[in-house]
Amino acid sequence: MNVVLYIGSAIVTLWLIGGIYRQKQGRNKVVYAVKGNCTGCKRCVTNLRKCKYNVLELVCDENGKHIVVKYPDKCTACGDCVSICKFKALELVECNPPK
Ligand code: SF4
Ligand code: SF4
């Protein structure tokens with residue numbers, strides 16, 4: 001029983017450390033929706049690993065269903081949505097790209 005507890009604790013600890021590392025890596029980055037790539041599949045807004053901060057919103061307009069970055073200020077650049085999207089419609093970009 002203790003072994004299961006140790007393994008569970010180790011997994012949770014590694015997951016937390018990974019989250020902190022990913023956030024640190026993306027401190028100066030923000031998510032960007034690549035025009036024309038989104039199929040409107042909804043994975044990034046309905047999947048179990050969807051954005052926890054509700055940064056993204058699926059809209060339906062003259063260009064069809066696609067994702068928009070509605071609240072970029074809330075984006076932690078964790079990268080979860082980028083890894084979920086199979087269509088390369090989401091990227092992490094520099095907040096203030098060098099000129
Ligand atoms: S951004 Fe990617 S995952 Fe999200 S709805 Fe568009 S295609 Fe699907
Ligand atoms: S990078 Fe993280 S915080 Fe930013 S929109 Fe994607 S899932 Fe949300």
Side-chain angles (χ1 to χ4, degrees):
M1 189 64 183
N2 276 347
V3 174
V4 174
L5 201 62
Y6 287 137
I7 292 172
S9 303
I11 290 170
V12 169
T13 305
L14 287 173
W15 180 74
L16 287 173
I17 291 170
I20 292 167
Y21 175 75
R22 281 185 300 161
Q23 286 202 4
K24 230 177 163 177
Q25 286 288 91
R27 190 173 285 163
N28 294 320
K29 293 188 173 177
V30 67
V31 72
Y32 169 74
V34 180
K35 282 190 177 64
N37 282 10
C38 180
T39 63
C41 74
K42 298 186 189 173
R43 277 173 60 91
C44 60
V45 288
T46 59
N47 189 285
L48 278 178
R49 288 172 53 225
K50 68 179 181 180
C51 178
K52 295 180 268 307
Y53 306 99
N54 296 320
V55 172
L56 305 170
E57 186 176 77
L58 191 69
V59 297
C60 190
D61 58 21
E62 66 275 5
N63 299 317
K65 277 187 186 170
H66 62 99
I67 281 293
V68 293
V69 181
K70 191 164 185 196
Y71 301 109
D73 292 351
K74 290 185 182 178
C75 180
T76 64
C78 67
D80 285 351
C81 61
V82 176
S83 60
I84 285 172
C85 181
K86 292 180 173 177
F87 302 96
K88 299 188 179 196
L90 296 168
E91 287 179 356
L92 290 178
V93 297
E94 297 288 329
C95 291
N96 299 307
K99 291 178 184 170

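Start at 1 and go down the list; that is how both ligands and their atoms are numbered.
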For ligand 1, is any non-hydrogen atom under 4.0 Å from H66's backbone (N, CA, C, O), its side chain (CB onward), both, or neither? neither
Atoms of ligand 1 less than 4.0 Å from F87 heavy atoms? 7 (S)
With a 4.5 Å limit on heavy-atom distance, are the side chains of F87 and C38 in contact? no
Is any side-chain heavy atom of L90 closer than 4.5 Å to a side-chain heavy atom of Y32? no
I'd like to check the side-chain contact (heavy atoms from CB on, under 4.5 Å) partners of S83; sequence neighbours left out, ordered by chain and number. R49
One residue to check: T39. Relative to ligand 1, which of side chain, backbone, both or neither has a non-hydrogen atom less than 4.0 Å away? both
Quick one, L56 and V31 - any side-chain contact, counting heavy atoms below 4.5 Å? yes
Does the side chain of D80 come within less than 4.5 Å of C51's, by heavy atoms? no
Note: ligand 1 atoms sitting under 4.0 Å from heavy atoms of A89 are 1 (S), 2 (Fe)
Region of C38 engaging ligand 1 - heavy atom pairs below 4.0 Å: both
Under 3.5 Å, is there a donor-acceptor pair between the N37 and H66 side chains? no
Would you indicate whether the side-chain heavy atoms of V69 and V55 approach each other to under 4.5 Å? yes
the protein heavy atom lying closest to atom 5 (S) of ligand 1 turns out to be K42 N, 3.2 Å
Side chains of C60 and K65, heavy atoms from C-beta outward: is any pair under 4.5 Å? yes
Just to confirm my output: which protein heavy-atom neighbour is closest to atom 2 (Fe) of ligand 1, and how far is it? C85 SG, 2.3 Å
Could you tell me the residue and atom name of the protein heavy atom closest to atom 8 (Fe) of ligand 1, and the distance to it rounded to 0.1 Å? C41 SG, 2.3 Å
Does V59 belong to the same Ile/Leu/Val/Met/Phe/Trp/Tyr cluster as V45, with side-chain heavy atoms less than 4.5 Å apart forming each link? no
If two hydrophobic side chains count as joined below 4.5 Å and joins carry through other members, does L58 share a cluster with I84? no
Note on atom 6 (Fe) of ligand 2: protein N/O/S atoms within less than 2.8 Å are C81 SG
